[in-house]
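Have a look at the structure below, then the notes.
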Amino acid sequence: MLDVLSRERIVAGPGFNRWLVPPAALAIHLCIGMAYGFSVFWLPLSRAIGITTSAPGDWKISTLGWMFTLFFVMLGSSAALFGAWVEREGPRKAGVVAACCWSGGFFVSAAGVYLHQIWMLWVGSGIIGGCGLGLGYISPVSTLIKWFPDRRGMATGLAIMGFGGGAMIGTPLADALMKRFATPDSVGVWQTFVVFGVVYFVAMMAGAFGYRLPAPGWTPAGWTSPAGQMTGADSMSVPVDRAWKTKQFWLLWAVLCLNVTAGIGVLGIASPVIQEIFKSRVTPSAAAGFIGLLSLFNIGGRIFWASLSDRIGRKVTYTVFFALGMLLYASAPTTGATGSLALFVGVYCVILTMYGGGFATIPAYLADVFGVGNVSAIHGRVLTAWSTAGILGPVLVNYVREFQIGHGVAPSNAYTFTMYALVAFLGVGLICNLAVQPVERRLFTLAPIARATRPRAASAEVPAGEWGMVGAGWLLAGLPIAWGVYKTLALVSQMF
């Protein structure tokens with residue numbers, strides 16, 4: 001079994017169609033993306049004993065919310081700790097371990113709900129599942145960049161798009177399953193966790209076994225690497241132990257952290273702010289549709305901005321994120337004051353495209369700066385910026401809001417100062433992005449794996465005739481997304 005998972009066994013032979021790799025990556029990211037939708041379980045779990053209403057001994061939502069915090073702390077931590085291991089052992093082994101951790105976390109949590117032990121939920125989904133999040137998130141990044149040196153941004157955007165869309169699929173599915181399993185003695189959560197564990201394990205294993213690596217020296221047919229760029233799978237790159245000591249690493253860390261902090265800050269207040277500003281026009285159900293719409297634009301932004309970055313460059317793309325973001329964040333309070341719901345929603349939707357686009361573009365940015373060979377390990381360490389932002393953004397927004405309301409500010413106006421504070425964060429991010437410069441060439445080395453297996457001449461891509469298999473792979477990945485989009489749009493229709 002270990003031999004089947006080894007890096008050497010997954011090197012693609014002549015004629016392999018590289019378009020089979022993105023749906024494999026998408027399968028894993030659509031599963032772990034359910035981390036964004038875990039709040040669907042909070043209310044049912046808060047009455048796990050009382051069933052219809054909370055009873056003595058039931059968990060508080062604030063207690064359950066620690067699972068969400070653990071998700072993203074463990075995501076960043078495990079990605080940083082095991083990034084080099086993923087690069088060394090290959091994406092298939094990482095994908096299998098991720099499947100075991102993410103699905104295993106659901107099984108442990110199911111036992112925790114059944115036995116009513118909150119620590120089992122924290123350990124199961126929070127810690128074990130969080131490790132699966134980190135490994136699953138970074139497992140396809142380096143692989144896709146190697147397969148698509150001509151379209152780095154698009155390739156990573158296709159996979160990371162799935163992480164943004166996981167909740168869009170998983171949330172309505174979880175709601176349907178909990179209603180199906182609910183009884184007078186159970187809210188149906190532990191049974192739903194078991195089903196999710198099985199389904200996600202099968203889907204993630206299929207994705208992991210769909211991974212292939214290009215042969216050393218491989219390049220797409222008819223494509224020539226731009227002069228001076230480290231684009232090949234076996235080209236020169238900066239080792240992770242050198243990369244994290246460079247100013248470029250920390251500037252890019254700050255770029256991601258500040259972009260995500262602002263985006264998470266907006267996500268954290270989206271539902272209450274639209275209800276408080278448009279109190280007589282937006283119901284809680286319509287606000288849920290607004291959140292779904294933001295998720296949809298989050299997904300679209302990941303593929304749109306990442307693909308655009310292939311044409312205009314990563315630095316220019318992030319400059320747009322920060323410059324346009326400052327304008328939109330600053331104008332958000334004004335658009336709310338005008339009473340135009342459509343304009344308000346439009347501003348937030350564009351903001352969310354740039355939030356998602358930041359995640360999808362950063363792997364290609366890292367590959368541009370540090371080379372391809374160690375990008376999984378470097379990306380893993382940069383993702384600690386996400387963990388930091390996951391704490392910084394919600395804390396900033398929530399505490400500032402509570403402080404202002406406590407000093408007599410109307411709830412509908414309590415977000416104005418917050419939005420201006422986020423503008424300042426984006427301004428610092430813009431400065432950091434503009435300061436990124438090329439890394440000194442003396443820091444680049446040839447990876448040991450590439451040095452040992454590099455062929456004498458690069459092999460061109462051999463056209464693959466198995467487009468039927470490619471179509472089947474994309475169909476299997478696309479059907480759940482289409483269903484999630486349909487459910488989201490049906491809910492959004494209630495808002496207008």
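Throughout, residue positions are numbered sequentially from 1 according to the sequence presented. All values below were derived from every heavy atom in this structure, side-chain atoms included, with hydrogens, water molecules and symmetry-related copies excluded.
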Handout entry: Partners meeting ring-ring contact (aromatic ring centres under 6.0 Å, His included) with Y211 (sequence neighbours left out)
Key =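 For Y211 there are no ring-ring contact (aromatic ring centres under 6.0 Å, His included) partners, ignoring immediate neighbours.
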Is any side-chain heavy atom of [X] closer than 4.5 Å to a side-chain heavy atom of [Y]?
X: L293; Y: C349; answer: yes
X: F71; Y: S125; answer: yes
X: P239; Y: T445; answer: yes
X: V345; Y: I274; answer: yes
X: P140; Y: I160; answer: no
X: Y355; Y: L352; answer: yes
X: I145; Y: P363; answer: yes

With a 6.0 Å cut-off on the ring centroids, do [X] and [Y] count as close?
X: W218; Y: W147; answer: yes
X: F106; Y: F38; answer: yes
X: Y420; Y: F417; answer: no
X: W102; Y: F196; answer: no
X: F163; Y: F359; answer: no

So, [X] side chain and [Y] main chain: donor-acceptor pair closer than 3.5 Å or not?
X: H29; Y: M161; answer: no
X: Q248; Y: P438; answer: yes
X: S77; Y: M74; answer: no
X: S307; Y: F304; answer: no

Quick check: closest heavy atoms across [X] and [Y], and the distance to 0.1 Å?
X: F201; Y: A99; answer: CD1-O, 3.9 Å
X: A377; Y: E87; answer: N-OE1, 4.1 Å
X: R212; Y: T143; answer: O-CG2, 3.3 Å
X: A435; Y: L251; answer: O-CD1, 3.6 Å
X: A208; Y: I28; answer: N-CD1, 3.9 Å
X: S142; Y: V372; answer: OG-O, 4.1 Å

Practice task
Identify whether NZ of Lys or CZ of Arg in R151 sits under 6.0 Å from the centre of the six-membered ring of F148 and within 45° of that ring's axis.
Solution key: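 Ring-cation test returns no.
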Around atom [atom1] of [X], are there more than 12 heavy atoms from other residues, nucleotides or ligands closer than 6.0 Å?
X: W244; atom1: CH2; result: no
X: W483; atom1: CH2; result: yes
X: K315; atom1: NZ; result: yes

Exercise for the section: Classify the side-chain pair S309/R314 by whether it contains a donor and acceptor separated by less than 3.5 Å. Expected result: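 Present: a donor and an acceptor within the cut-off.
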Electrostatic pair [X]-[Y], nearest N-O below 4.0 angstrom:
X: D241; Y: R381; answer: no
X: E8; Y: R88; answer: no
X: D368; Y: R152; answer: yes

Handout entry: L434: side chain to side chain contact (heavy atoms under 4.5 Å, CB included) partners, not counting sequence neighbours
Key = T319, L430
